[in-house]
Amino acid sequence: MADTKRKKKHVPVIAFAFYLFPVLLEASTDFNTLLAFKNATDASGRLSSSWDPSSPDPCSAWYGVSCLPSSAAASPRRVSRLVLEGLGLSGGTSALQTLTSLDQLRVLSLKNNLLHGPLPDLSPLTALKLLFLSNNSFSGGFPSSVASLRRLYRLDLSSNRLSGPIPSAAVNRLAPHLLTLRLDRNLFDGPISSLSLPNLQDLNLSSNPNLTGPVPVSLSAFPDSSFSGNPSLCGAPLDRPCKPSLSPASASAAIPVVSSSPDNNTVISSASDPTQDAEVATDGEREGGRMSRAAVVAIVVGDVVVLAAVCAVLFCYFWRKFSGRGKAGGGGSSRLLEGEKIVYSASPYGHTGLGGGGVGFERGRMVFFEGERRFEVEELLRASAEMLGKGGFGTAYKAVLDDGTAVAVKRLRDVSAGGGSGGGKRDFEALMDFIGGLRHPNLVTLKAYYFARDEKLLVYDYMPNGSLFSHLHGNRGPGRTPLDWTTRVRIVAGAARGLAHIHRAGKSPRIAHGNVKSTNVLVDKSGEARVSDFGLSSLLPSAVGSQLRSNGYRAPEMTSDGRKATQKADVYAFGVLLLEVLTGKCPSGTVDAYTGGAAGATVVDLPRWVQSVVREEWTAEVFDLELMRYKGIEEEMVSMLQIALACASISPDQRPKMSHVVRMIDEIRGEQMSPSHESFDSVSDSPSNVSEDASGRS
Ligand SMILES: Nc1ncnc2c1ncn2[C@@H]1O[C@H](COP(=O)(O)OP(=O)(O)OP(=O)(O)O)[C@@H](O)[C@H]1O
């Protein structure tokens with residue numbers, strides 16, 4: 001009875017503890033994890049003075065610890081970086097295992113310590129981007145669990161005692177994002193021929209004397225120092241060609257055998273090559289130098305499936321194209337489709353083609369600006385032309401004139417005779433005169449225009465080197481040439497000068513570009529940026545014009561329809577464009593697209609996303625991964641980021657003038673010309689300098 005009473009008395013206490021437990025647990029998990037790790041590894045007490053268990057907040061006081069800001073007043077801050085290098089930390093697998101509950105950890109560097117034992121399952125560290133465990137005594141196999149770390153882009157396990165095969169299937173899963181792979185000075189063995197890491201920038205597999213077989217093609221562009229100290233590796237870049245060595249017993253099997261690795265890499269090898277035998281053992285696809293019947297069947301079936309998939313994709317692509325053409329077919333000249341070659345009609349009065357006005361077509365007037373070669377509109381209309389793209393104002397074509405000069409012709413759509421402002425032909429001509437009179441090395445020159453009631457054409461210089469948009473976002477897959485830092489800065493500097501010129505030009509009223517974005521920053525034949533499409537927004541009714549301003553670049557104050565373009569809004573759009581150049585991301589993406597994670601498909605403005613990341617002190621994480629290969633540009637990137645964020649201020653009054661922006665960029669450029677920035681072979685947050693990059697500041 002007394003016992004029952006005692007039990008009853010405990011019920012509320014247990015219930016309260018049960019309720020409170022998850023809250024307390026969450027609040028203290030990272031704190032407890034760090035303490036447990038310290039207790040397990042810091043025998044020499046080097047962390048003791050800083051890691052004070054009575055300190056209320058490890059995030060602000062503990063050495064080597066950085067945290068994210070708390071997302072809500074009551075919620076605890078989570079640990080995002082742990083950089084504990086050269087502290088004599090010792091401990092085995094279980095010590096490292098304690099850290100795997102830090103599921104918000106981005107950077108973990110424990111290099112130059114005395115940690116040992118096999119690496120634990122690292123898959124719970126889902127946020128990890130940089131993992132540096134070099135110069136310890138870790139043993140056991142390669143930690144295949146890293147394959148599930150979707151954000152990992154630098155992995156350094158060098159100078160340990162790791163052994164066994166390098167599992168190509170696991171490593172290849174990191175391929176899309178992995179930039180650094182350092183496994184040198186370990187005891188790895190077996191073949192590496194199935195590794196396929198097309199985006200890798202930094203590789204070191206040296207001094208693993210038991211690695212065997214050919215260096216795969218995707219890694220052969222690395223210097224031979226990446227593979228030195230491995231006598232059984234062969235093929236480029238090493239000086240040892242892979243020779244098949246025939247043993248008498250297997251001479252008859254010396255016919256090349258085509259095998260497919262688990263990663264779909266085809267390996268052509270001699271069945272009797274001893275270096276290949278090791279691979280055979282690992283991949284388990286051949287026995288005794290011959291492929292099993294099942295393997296052959298699997299390969300053939302696999303190939304057929306892949307072929308069928310490719311055919312299906314091609315079929316869908318062309319089907320959509322042709323059915324799209326059918327649909328467009330009813331609309332006279334709008335029959336022209338993207339990328340299609342077109343030939344204008346021989347006469348501007350014809351029924352089809354560019355001049356297809358049909359009955360009642362009024363012959364228009366071709367107006368040339370000073371210094372431009374004159375030609376008849378017929379010459380333009382009969383030129384073979386190629387569609388460049390469709391924009392908000394109409395369709396742009398490349399046309400080659402009789403003398404071989406290429407011009408870009410913009411055929412305006414939805415422009416009433418006098419433009420949208422209610423004016424007439426005279427207003428249109430006045431605007432054209434203004435635009436045509438704007439001459440600057442960073443503006444695309446308007447050479448001429450054609451005006452008729454039903455047809456308005458603008459003739460510009462043709463820019464042969466594409467747009468900033470195509471350089472930043474075009475072909476992000478293999479084979480892409482990344483846009484280097486110097487070029488990016490040169491382009492934004494040119495674009496800023498072009499815009500500043502427009503802003504200076506019209507005294508009263510002040511003129512704005514009205515549609516600043518990366519497709520409107522073109523690159524001329526000498527690689528200089530040229531701003532295009534300026535002034536056209538005033539041709540359209542204000543409501544349509546403000547709709548046209550592309551979402552991601554539209555200043556917050558421009559959301560209501562009918563707002564006229566302003567210079568302050570241009571500065572905002574330029575700020576977004578700068579962020580696009582720095583992050584490599586398209587404005588107005590989803591959180592997913594920005595983080596590369598699964599945070600959610602919420603659409604967020606690029607400036608707001610960058611601000612949130614910078615506020616959380618992960619500044620380095622906003623930058624385009626393609627920029628990480630350039631040495632010593634961090635300061636410039638951060639300065640440029642500050643300019644971008646100032647331009648993209650929510651309040652128009654806080655945005656600088658374009659002329660000021662030009663000066664600020666030029667100041668950065670002045671510093672940028674130093675030769676050290678030309679070096680492409682090193683990585684800015686490479687393992688060697690993670691200490692500064694990932695320093696334990698909170
Ligand atoms: N002068 C030019 N030389 C070379 N390419 C050009 C030229 N003008 C435009 N283009 C290209 O033609 C394509 C269509 O341009 P267009 O200006 O019509 O549309 P947009 O820039 O995508 O949108 P918007 O109309 O809103 O500015 C774009 O890819 C653009 O880069």
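Residue indices begin at 1 and follow the sequence shown. Ligands are counted one by one from 1 in listed order, and the atoms in each one are counted from 1 as well.
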Inset, instruction - Using side-chain contact (heavy atoms from CB on, under 4.5 Å) as the criterion, point out the one residue from Leu443, Leu438, Val516 that pairs with Val531. - result: Leu443

Legend entry - Ring-face cation of Lys398 near Tyr462 (centre distance under 6.0 Å, axis angle within 45°): yes

Legend entry - Lys456 to Phe451, cation-pi by 6.0 Å centre distance and 45° axis angle: yes

Inset, instruction - Under 4.0 Å from a heavy atom of Lys517: give me the atoms of ligand 1 that qualify, with their elements. - result: 23 (O), 24 (P), 26 (O), 27 (O)

Legend entry - Nearest heavy atoms of Lys525 and Asn465, plus distance in Å: CA-ND2, 3.5 Å

Legend entry - Test of proximity, Asn520 against ligand 1: N or O pairs below 3.5 Å: yes

Inset, instruction - Please work out which of Leu536, Leu388, Val523, Val409 has its closest non-hydrogen atom nearest to atom 6 (C) of ligand 1. - result: Leu388

Inset, instruction - State whether Lys517 and Asp533 are salt-bridged, where the test is any N-O pair (Lys NZ or Arg NE/NH1/NH2 against Asp/Glu carboxylate O) under 4.0 Å. - result: no

Inset, instruction - Report yes if Tyr460 has an N/O atom closer than 3.5 Å to an N/O atom of ligand 1; otherwise report no. - result: no

Inset, instruction - With heavy atoms of Ser467 as the reference, note each atom of ligand 1 found under 4.0 Å away. - result: 31 (O)

Inset, instruction - Go through ligand 1 atom by atom and flag the ones less than 4.0 Å from a non-hydrogen atom of Tyr462. - result: 3 (N), 4 (C)

Inset, instruction - Answer side chain, backbone, both or neither: which part of Asp533 comes under 4.0 Å from ligand 1, heavy atoms only. - result: side chain

Inset, instruction - Taking only Lys NZ, Arg NE, NH1 and NH2, and the carboxylate oxygens of Asp or Glu, determine whether Arg488 and Glu626 approach each other closer than 4.0 Å. - result: yes

Inset, instruction - List every atom of ligand 1 that sits less than 4.0 Å from any heavy atom of Asp461, numbering the atoms from 1 in the order shown and giving each element. - result: 1 (N), 2 (C)

Inset, instruction - Mark up the atoms of ligand 1 that fall under 4.0 Å of a heavy atom belonging to Met463, in ascending order. - result: 2 (C), 3 (N), 4 (C)

Inset, instruction - Any atoms of ligand 1 less than 4.0 Å from a non-hydrogen atom of Leu522? List them with their elements. - result: 1 (N), 2 (C), 3 (N), 6 (C), 7 (C), 8 (N), 31 (O)

Legend entry - Ion pair check, Glu455 and Arg411, cut-off under 4.0 Å: yes

Inset, instruction - Begin from the C-alpha positions of Glu528 and Arg490 and carry the test salt bridge (Lys or Arg N to Asp or Glu O under 4.0 Å) through to its verdict. - result: CA-CA 7 Å; Glu528 290 298 333; Arg490 184 179 178 190; 2.9 Å; yes

Legend entry - Shortest reach to atom 19 (O) of ligand 1 by a heavy atom, considering only Gly391, Gly466, Ser532: Gly391

Inset, instruction - Examine Lys410 against ligand 1 and note whether any of their N/O atoms are separated by less than 3.5 Å. - result: yes

